[in-house]
Amino acid sequence: MRIPDEKVWAVVRRIPRGKVATYGQIARLAGLSNPRHVGKALKALPEESDVPWHRVVNARGEVSERRPPGWDDLQRILLEAEGIEFRGKGRISFDRYRWKPEGGEEE
DNA sequence: AGATTGACTGCAT
DNA sequence: CATGCAGCCAATC
């Protein structure tokens, strides 16, 4: 892998419980040039990992659709378990749950 | 080696 | 607020 996927996982691990981050934020923190690579790293993420990949959402504040339908539904369940509230169709209130990277990681 | 795709983003309409 | 188009890098075909 040319892209430091472990770095991405490290950033995702830093996400406090009850908050979410966008691929762009993670990509920037991980030093990646393209947010798409974040998705690739998460795709290669082993399930035995303790990385809260479910806290990673797209810029619109909604869960991204993966290739196999149904997997994204699991993410929503996990987010609700974290205490995150969804809007009508499955969108998250960013103003409330957006994670502030290395600027005051409060929990 | 060239073309296509992919867990995306940002700005314009 | 939803939709459309372009940019981006790496992996895969």
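Naming: A, B, ... by sequence-line order, numbering from 1 per chain.
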Do A:K40 and A:D5 meet the salt-bridge criterion of a basic N to acidic O distance under 4.0 Å? no
Any heavy-atom pair between the side chains of A:W53 and A:Q75 that's under 4.5 Å? yes
From [options], pick the nucleotide closest to the side chain of [X]?
{"X": "A:P35", "options": "C:dA11, C:dA2, B:dC8", "result": "B:dC8"}
{"X": "A:R36", "options": "C:dA11, B:dA7, B:dC8", "result": "B:dC8"}
{"X": "A:R91", "options": "C:dG7, B:dT9, C:dA2", "result": "C:dA2"}
{"X": "A:K40", "options": "C:dA10, B:dA7, C:dC8", "result": "C:dA10"}

May I ask you to verify if any side-chain N or O of [X] is less than 4.0 angstrom from the OP1 or OP2 atom of [N]?
{"X": "A:S64", "N": "B:dC8", "value": "yes"}
{"X": "A:R60", "N": "C:dT3", "value": "no"}
{"X": "A:R87", "N": "C:dC1", "value": "yes"}

How many whole angstroms separate atom CD1 of A:I26 from atom C1' of B:dT9? 14 Å
Whole-Å distance, A:N58 CG to B:dG10 P, equals 11 Å
Quick check: closest heavy atoms across A:A21 and A:W99, and the distance to 0.1 Å? CB-CE3, 3.6 Å
Within 45° cone of A:Y23 ring axis and under 6.0 Å: A:R36 NZ or CZ: no
